[in-house]
Number of protein chains: 2
Amino acid sequence: MGITSRKEREKEEMRRLILDAALRLFREKGFDGVSIRNIAEAIEYSPATIYLYYKDKSEIYFALQFEAAALKRDHLLPAAAFEDPWQRLIEFGRRYIDFGMKHPDLYDLLFIIRSPMESIENQDCWKLGIATHAFFVETVQACVDARHFKSTDTETIAYTLWCHAHGLVSLFIRERMRMYPEEKRAELAKRSFDMIVKMAESL
Amino acid sequence: MGITSRKEREKEEMRRLILDAALRLFREKGFDGVSIRNIAEAIEYSPATIYLYYKDKSEIYFALQFEAAALKRDHLLPAAAFEDPWQRLIEFGRRYIDFGMKHPDLYDLLFIIRSPMESIENQDCWKLGIATHAFFVETVQACVDARHFKSTDTETIAYTLWCHAHGLVSLFIRERMRMYPEEKRAELAKRSFDMIVKMAESL
DNA sequence: TTAAACACTAAACACTGTTCATTAACTTTG
DNA sequence: CAAAGTTAATGAACAGTGTTTAGTGTTTAA
């Protein structure tokens, strides 16, 4: 088993090497700004070598999306510590928005960039995303169970809150808030979050 | 004035020819999927000719964005007919979402695609967008004036509603609703719109 | 030791946005 | 009307992109 397992290990190491370089470059220059040649140069291999480890650029895209999903999960995880479902939900929302604002590149990758057509459902990144989404929906369900809302339509409540948070983050990071002066944007976002929390309370 | 005015007219016609082809191609294949060469081929000119009428691709982008903004304004305009500000606001929101769902390519252009860096503020498309946004904010203000909300923070109310609508549309058109079965998505969006309306009523 | 498997790469292909020298047509002037 | 000047259009090139392929040298297995 010595040789084959070593080879497998080496293959895995190479994939990591490529991915780490890709993620670093991507966070510096954005997804579209990074070429296979850039990545190859960064790891001091020829561009063709990349294709021995990843079928094409979109496979790298999916692998990066998985990385981003893991980082996002880690960012949101502390919210789970809150006992009270309503507090948990608020903290979840706050952290979701905070993640998007602090890591626009990763948020972009996860929720904005047009993903390659192939069945994303089968990709690991998607499963991880589903899991995080499920945690969110469960938290909303816990609030519903605790009679925190008048409405009991968990699905719609969760989706509505998500729409707001996603809209807030994506308008921000795709620079569609230019009608508000730069220094006011973050504060407006904060006020809006407080408002949606208030709105949800009387839901 | 004969010749120079004719030349100007011809120049304008050529710009229109380019833009119409660009918009048509763009709606077929998406912005990134359309190259200068595609446009040139469509109008049966050489690629270099395009550059005699538009400085670069981003200038075509801005021109297309203006077209999209005009189409969006026309789509939203009927909402202005409603006398009651609250009904006007609801209709505005409904039409905003409807526009995004019916014309994902145009919505993309207006609110999602990463716009070229140059000062978009000076572009006509931006002014048109500002005007439509102003109409929206005015409608919210009219609701506030009519004591329709407890809150009087017009800016935050408008922004919060916009966040929800934008989030709803952009999650949909960038295919981030795969956890919901295809046939349920539109209905979920509808329920969410109704819910945000209800939430706003008790705002 | 020889044959097969493997990791790797240089070079090519068909694209992309963009620039520039050159050509061809039109407009103005002598 | 012909010569000079202006302008529209282009072919060819540059530097970049993702991707494929034929070929190299090394490592493993028989």
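Below, chain A is the first sequence line, B the second, and so on; all start at residue 1. Given the structure is predicted, the values throughout are model-derived calculations rather than measurements.
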Novice: A:F26: which residues meet the ring-ring contact (aromatic ring centres under 6.0 Å, His included) condition with it, sequence neighbours left out?
Specialist: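 ring-ring contact (aromatic ring centres under 6.0 Å, His included) check on A:F26 returns A:F31.
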Novice: Grab the CD-P distance between A:E59 and D:dG18 for me, whole Å please.
Specialist: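 That distance rounds to 15 Å.
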Novice: I'd like to check the ring-ring contact (aromatic ring centres under 6.0 Å, His included) partners of B:F172; sequence neighbours left out, ordered by chain and number.
Specialist: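 Scan of B:F172 (ring-ring contact (aromatic ring centres under 6.0 Å, His included), adjacent residues dropped) gives none.
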Novice: Under a plain distance cut-off of 3.5 Å, with no hydrogens placed, do A:R176 and B:H166 share a side-chain donor-acceptor pair?
Specialist: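 No pair is found: no donor N or O on one side chain lies under 3.5 Å from an acceptor on the other.
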Novice: Can you list every salt bridge (Lys or Arg N to Asp or Glu O under 4.0 Å) pair that touches residues 38-54 of chain B, not counting sequence neighbours?
Specialist: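 Matches after skipping sequence neighbours: none remain.
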Novice: Specify the residues of residues 24-42 of chain B, ordered by number, for which at least one heavy atom lies under 4.0 angstrom from an atom of DNA chain C.
Specialist: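 B:V34, B:S35, B:I36, B:R37, B:N38, in order of number.
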Novice: Extract all donor-acceptor atom pairs below 3.5 Å that involve side chains of residues 186-195 of chain A and protein atoms in other chains or at least two apart in sequence.
Specialist:
unit_1: A:E187; atom_1: OE2; unit_2: A:R191; atom_2: NH1; d: 3.1
unit_1: A:K190; atom_1: NZ; unit_2: A:D194; atom_2: OD1; d: 3.4
unit_1: A:K190; atom_1: NZ; unit_2: A:D194; atom_2: OD2; d: 3.0
unit_1: A:R191; atom_1: NE; unit_2: B:D153; atom_2: OD2; d: 3.1
unit_1: A:R191; atom_1: NE; unit_2: B:T156; atom_2: OG1; d: 2.7
unit_1: A:R191; atom_1: NH2; unit_2: B:E155; atom_2: OE1; d: 3.3
unit_1: A:R191; atom_1: NH2; unit_2: B:T156; atom_2: OG1; d: 3.1
unit_1: A:S192; atom_1: OG; unit_2: A:H164; atom_2: NE2; d: 2.8
unit_1: A:S192; atom_1: OG; unit_2: B:T160; atom_2: OG1; d: 2.8

Novice: How close or far is atom P of D:dT27 from atom CD of A:E10, stated in whole angstroms?
Specialist: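 So the CD-P distance, A:E10 to D:dT27, works out to 11 Å.
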Novice: Listed by chain and number, what are the ring-ring contact (aromatic ring centres under 6.0 Å, His included) partners of A:F135, not counting sequence neighbours?
Specialist: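 Per chain and number, A:F135 pairs via ring-ring contact (aromatic ring centres under 6.0 Å, His included) with A:F92.
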Novice: Measure all distances between protein nitrogen or oxygen atoms and nitrogen or oxygen atoms of nucleotides 5-10 of chain C, and list the pairs falling under 3.5 Å.
Specialist:
unit_1: C:dC8; atom_1: OP2; unit_2: A:Y53; atom_2: OH; d: 2.5
unit_1: C:dT9; atom_1: OP2; unit_2: A:S46; atom_2: N; d: 3.0
unit_1: C:dT9; atom_1: OP2; unit_2: A:T49; atom_2: OG1; d: 2.5

Novice: The criterion is side chain to side chain donor-acceptor pair (under 3.5 Å); which residues satisfy it with A:R95, sequence neighbours excluded?
Specialist: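 A:R95: side chain to side chain donor-acceptor pair (under 3.5 Å) contacts with A:E91.
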Novice: Strictly by side-chain hydrogen bond (donor to acceptor under 3.5 Å, both in side chains), give each pair with a member in residues 71-84 of chain B just once, sequence neighbours left out.
Specialist: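 Found B:H75-B:D98.
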Novice: Rounded to the nearest angstrom, tell me the gap between atom OH in A:Y51 and atom P in D:dT21.
Specialist: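 Atom-to-atom, A:Y51 to D:dT21, this comes out as 13 Å.
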